[in-house]
Engineer: 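Have a look at this one.
If you read the sequence from its start, that first residue is 1, and numbering goes on from there.
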Amino acid sequence: MNKKNNSKDYTKVAITIDLGTSFQKGIAQIYPDGVPIVLAMEPEIADLGVESIEYLSNQLVQDTTVWIGIGEEYYVLGALAKSMFAGTSAIRDLKYQYALPKVAAMLWLAIRRLGVKNPDIELYVHLLLPVGEASDGQTLRAKLAQNLKTGIITPTGRLKAKLRSFDVSPEGAGIMAYRSRNVNINYFQKSIGMLMLGYRNASFILSHKGNAIKAESTDLGMNWVVHQFVERTAVGLSKDDLRLISALAETTNNNFDALRFLSRKTKIEEINADVELFCRILPIVRKEYCRALWRWLRNIAQMDEILVCGGTASFIRQELTEHFDGEGIPICWNGGMELPKYLDTMGLGDRIAAILIMRMVINMLRAKLTDEAWETLRILLNDKFELGVATSNRFLDTMNYQVIHGNSS
């Protein structure tokens, strides 16, 4: 008598997540032949009572309607959290504190966006946390695995899955690892620093002859600039106004008209006066921000080269370049990697570049890749090869196979 084969046919989903305080970002893909997609969600989160969840359950399910039930605790995330429940980005809290509901929300969003219909799912998750919080990964893994086993409540029902892999890396470490594979820079003979400037903080990693010997973090992110700009202009701006960050970023392209929309005045002459004030204060704030960064870096370490990444780095790109040129320290943006255009579907630019290296390629794969695979990656990205979907899938499939089959239990 033949025995029935009861083995399940699992859908494998690989996802890499950055719990940013300006945007939650990630890249997700169905293995083996799915097209990688970029995920982005507003960072706000609010805890809710079960009555509010019952109300939300009767609303039309959309990607912006993200709410999660974990045990007896309920959370709403993203645009809905801010618009309806006065949620915050929890910028003063450790990212780890709200990591579980935020990761769960990104998992639900990824599965929904990828169109997964199979209820039998295996997850391969890679999470980026600040330097001082990366050690909390094992605790988070255990909690996530247990809740995925019992089921996480979502707008489309209980999300159950097997957590096959869960890795945590410090912010920016992937770019350092990518740079180390470039044989032309003598990485293992130098002291190389990695500076990542995000919204909440700045992180720094120092590698000396291939060994990571220092990792530090400070509160000098774009939030510092926003706070100082609002305080010094003193015309009723709000630090929580999402338009503020984009308007400040536009000024790097000499588009100072973007500042006009920040004014809360109604008369033309008063709006013009505000714009003049903004244009006078912003350069001062930029200079003070850069001075603070230079002081912090000067007290950390000396280096032969510095790698720079993060959305805030783009805001002060000219200042960073001039400073390190003056110090005689070569500067390398994003470890020398260019983001494939087909992946930047949401215009996140440098903010998603580090995720591509760290989460999709480097730390999940570095222990598994052959030198030949690394050389292929270097050629594809450093030579700015226009990655087509078919090319990228074949390349990523080869590497994902090594991760998934190497870590499966």
Engineer: Considering non-hydrogen atoms only, spot the tightest contact between Leu100 and Ile70 and give its length.
Structural biologist: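 Leu100 and Ile70 have their closest heavy atoms at CG-CD1, 3.8 Å.
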Engineer: Can a donor-acceptor pair be found, under 3.5 Å and without considering hydrogens, that links the side chain of Arg232 to the backbone of Val285?
Structural biologist: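 Side chain of Arg232 to backbone of Val285, a donor-acceptor pair under 3.5 Å: no, none is there.
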Engineer: Taking atom CZ as the centre, does Phe261 end up with more than 12 heavy-atom neighbours from other residues, nucleotides or ligands that are less than 6.0 angstrom away?
Structural biologist: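 For Phe261, atom CZ is not crowded (no more than 12 foreign heavy atoms under 6.0 Å).
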Engineer: For a 4.5 angstrom cut-off between non-hydrogen side-chain atoms, does Leu77 reach Lys102?
Structural biologist: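 Yes; the side chains approach each other to less than 4.5 Å.
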Engineer: Any heavy-atom pair between the side chains of Thr11 and Leu114 that's under 4.5 Å?
Structural biologist: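 They are not in side-chain contact.
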Engineer: Looking at Gln29 and Gly34, would you say the former's side chain and the latter's main chain have a donor-acceptor pair under 3.5 Å?
Structural biologist: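 Indeed, once roles are kept as given, a pair shorter than 3.5 Å links the two residues.
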Engineer: For the CG atom of Leu282 and the OG1 atom of Thr251, what is their distance to the nearest 0.5 Å?
Structural biologist: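 It comes to 4.5 Å.
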Engineer: Could you give me the CA-CA distance, side-chain angles and deciding distance for Ile153 and Trp67, then say whether side chain to side chain contact (heavy atoms under 4.5 Å, CB included) is met?
Structural biologist: CA-CA 8 Å; Ile153 301 172; Trp67 52 265; 3.6 Å; yes
Engineer: Could you walk me through whether Arg317 and Thr252 pass the side chain to side chain contact (heavy atoms under 4.5 Å, CB included) check?
Structural biologist: CA-CA 9 Å; Arg317 186 181 183 111; Thr252 61; over 6 Å; no
Engineer: Quick check: does any side chain N or O of Asn118 sit under 3.5 Å from a backbone N or O of Asp9, one acting as donor and the other as acceptor?
Structural biologist: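 Checking the backbone N and O of Asp9 against the side chain of Asn118, a donor-acceptor pair under 3.5 Å is found.
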Engineer: Look up atom CE in Met303 and atom OG in Ser191, then write down how far apart they are to the nearest 0.5 Å.
Structural biologist: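 Atom-to-atom, Met303:CE and Ser191:OG are 9.0 Å apart.
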Engineer: Holding to ring pair (Phe, Tyr, Trp, His ring centres under 6.0 Å), I want the full list of residues that pass it with Phe229, two or more places apart in sequence or in another chain.
Structural biologist: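 Phe229 satisfies ring pair (Phe, Tyr, Trp, His ring centres under 6.0 Å) with Phe278 only.
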Engineer: What are the two closest heavy atoms between Ala313 and Val308, and how far apart are they?
Structural biologist: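 So the minimum-distance heavy-atom pair works out to CB-CG1, 3.5 Å.
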Engineer: Would you say that more than 12 heavy atoms from the other residues, nucleotides or ligands in this model lie under 6.0 Å from the CG of Asp120, or not?
Structural biologist: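 Yes, CG of Asp120 has more than 12 neighbouring heavy atoms, counting only those of other groups under 6.0 Å.
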Engineer: Check whether any side-chain N or O of Lys149 sits under 3.5 Å from a backbone N or O of Leu163 as a donor-acceptor pair, and report yes or no.
Structural biologist: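 Checked: no pair found.
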Engineer: Go through the steps to decide whether Ile245 and Phe315 satisfy the test side chain to side chain contact (heavy atoms under 4.5 Å, CB included), and finish with yes or no.
Structural biologist: CA-CA 10 Å; Ile245 301 174; Phe315 175 66; over 6 Å; no
Engineer: Backbone N or O of Ile300 within a donor-acceptor pair of the Lys214 side chain at under 3.5 Å?
Structural biologist: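 Checked: pair present.
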Engineer: Say you draw a straight line from NZ of Lys239 to CG of Leu244; how long is it, rounded to the nearest 0.5 Å?
Structural biologist: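 So the gap between those two atoms works out to 10.0 Å.
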Engineer: At their closest point, which heavy atom of Ala28 faces which heavy atom of Leu39, and how far apart are they?
Structural biologist: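 Result for this residue pair: CB-CD1, 4.1 Å.
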Engineer: Could you tell me the separation between the OG atom of Ser165 and the CG atom of Leu123, rounded to the nearest 0.5 Å?
Structural biologist: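 Rounded to the nearest 0.5 Å, the OG-CG separation comes out at 10.0 Å.
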Engineer: Other residues, nucleotides and ligands only: do more than 12 of their heavy atoms fall within 6.0 Å of NZ on Lys209?
Structural biologist: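 Incorrect, the count does not exceed 12.
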Engineer: Are Ser52 and Phe85 side-chain neighbours, meaning at least one heavy-atom pair lies under 4.5 Å?
Structural biologist: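 Yes, close enough: below the 4.5 Å cut-off.
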Engineer: Which atoms form the tightest heavy-atom contact between Ala79 and Glu42, and what is the distance?
Structural biologist: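 The answer is N-OE1, 3.7 Å.
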Engineer: Determine, stepwise, if the pair Arg200 / Asn223 fulfils side chain to side chain contact (heavy atoms under 4.5 Å, CB included).
Structural biologist: CA-CA 6 Å; Arg200 189 182 71 161; Asn223 180 61; 5.7 Å; no
Engineer: Kindly compute the distance separating CZ (Phe166) from NZ (Lys143), expressed to the nearest 0.5 Å.
Structural biologist: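 NZ of Lys143 is found 11.5 Å from CZ of Phe166.
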Engineer: Check whether any side-chain heavy atom of Ile68 lies under 4.5 Å from a side-chain heavy atom of Thr154, and answer yes or no.
Structural biologist: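 When only atoms from C-beta onward are counted, Thr154 and Ile68 do touch, with a gap below 4.5 Å.
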Engineer: Are any side-chain N or O atoms of Thr312 and backbone N or O atoms of Gly198, one a donor and one an acceptor, separated by less than 3.5 Å?
Structural biologist: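 Such a contact is found between Thr312 side chain and Gly198 backbone.
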Engineer: Considering all heavy atoms of both residues, which atom of Asp274 and which atom of Ser263 are nearest to each other, and what is their separation?
Structural biologist: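 Between these two residues, the closest heavy atoms are OD2-OG, 2.8 Å.
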Engineer: Measure across Cys309 and Met196 and return the closest heavy-atom pair with its distance rounded to 0.1 Å.
Structural biologist: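 Result for this residue pair: SG-CG, 3.1 Å.
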Engineer: With sequence neighbours left out, write down each residue that passes ring pair (Phe, Tyr, Trp, His ring centres under 6.0 Å) with His323, or none if nothing qualifies.
Structural biologist: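 His323: ring pair (Phe, Tyr, Trp, His ring centres under 6.0 Å) contacts with Trp294.
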Engineer: Is there a side-chain contact between Leu293 and Leu197 (heavy atoms, below 4.5 Å)?
Structural biologist: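 Counting from C-beta outward, Leu293 and Leu197 do come under 4.5 Å.
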Engineer: So, taking the atom named CD in Gln24 and the one named CD1 in Ile45, what distance separates them when rounded to the nearest 0.5 Å?
Structural biologist: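 Answer rounded to 0.5 Å: 7.5 Å.
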Engineer: Got a sec: does the CD of Glu288 have more than 12 other heavy atoms crowding it under 6.0 Å?
Structural biologist: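 Buried by this count: over 12 neighbours within 6.0 Å.
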Engineer: Backbone N or O of Ile27 within a donor-acceptor pair of the Thr16 side chain at under 3.5 Å?
Structural biologist: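 Checked: pair present.
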Engineer: Listed by chain and number, what are the ring pair (Phe, Tyr, Trp, His ring centres under 6.0 Å) partners of Tyr289, not counting sequence neighbours?
Structural biologist: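 Listed in chain order: Trp224.
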Engineer: Flag the pair Glu319 and Arg286 as a salt bridge only when some basic side-chain nitrogen lies within less than 4.0 angstrom of an acidic carboxylate oxygen.
Structural biologist: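 Here Glu319 pairs with Arg286 in a salt bridge, since their nearest N and O are under 4.0 Å apart.
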Engineer: Between Leu80 and Leu56, is any pair of side-chain heavy atoms under 4.5 Å apart?
Structural biologist: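 Yes, their side chains come closer than 4.5 Å.
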Engineer: Are Thr156 and Arg112 close enough that some pair of their side-chain heavy atoms sits under 4.5 Å apart?
Structural biologist: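 A side-chain contact exists here, since the closest heavy-atom pair is under 4.5 Å.
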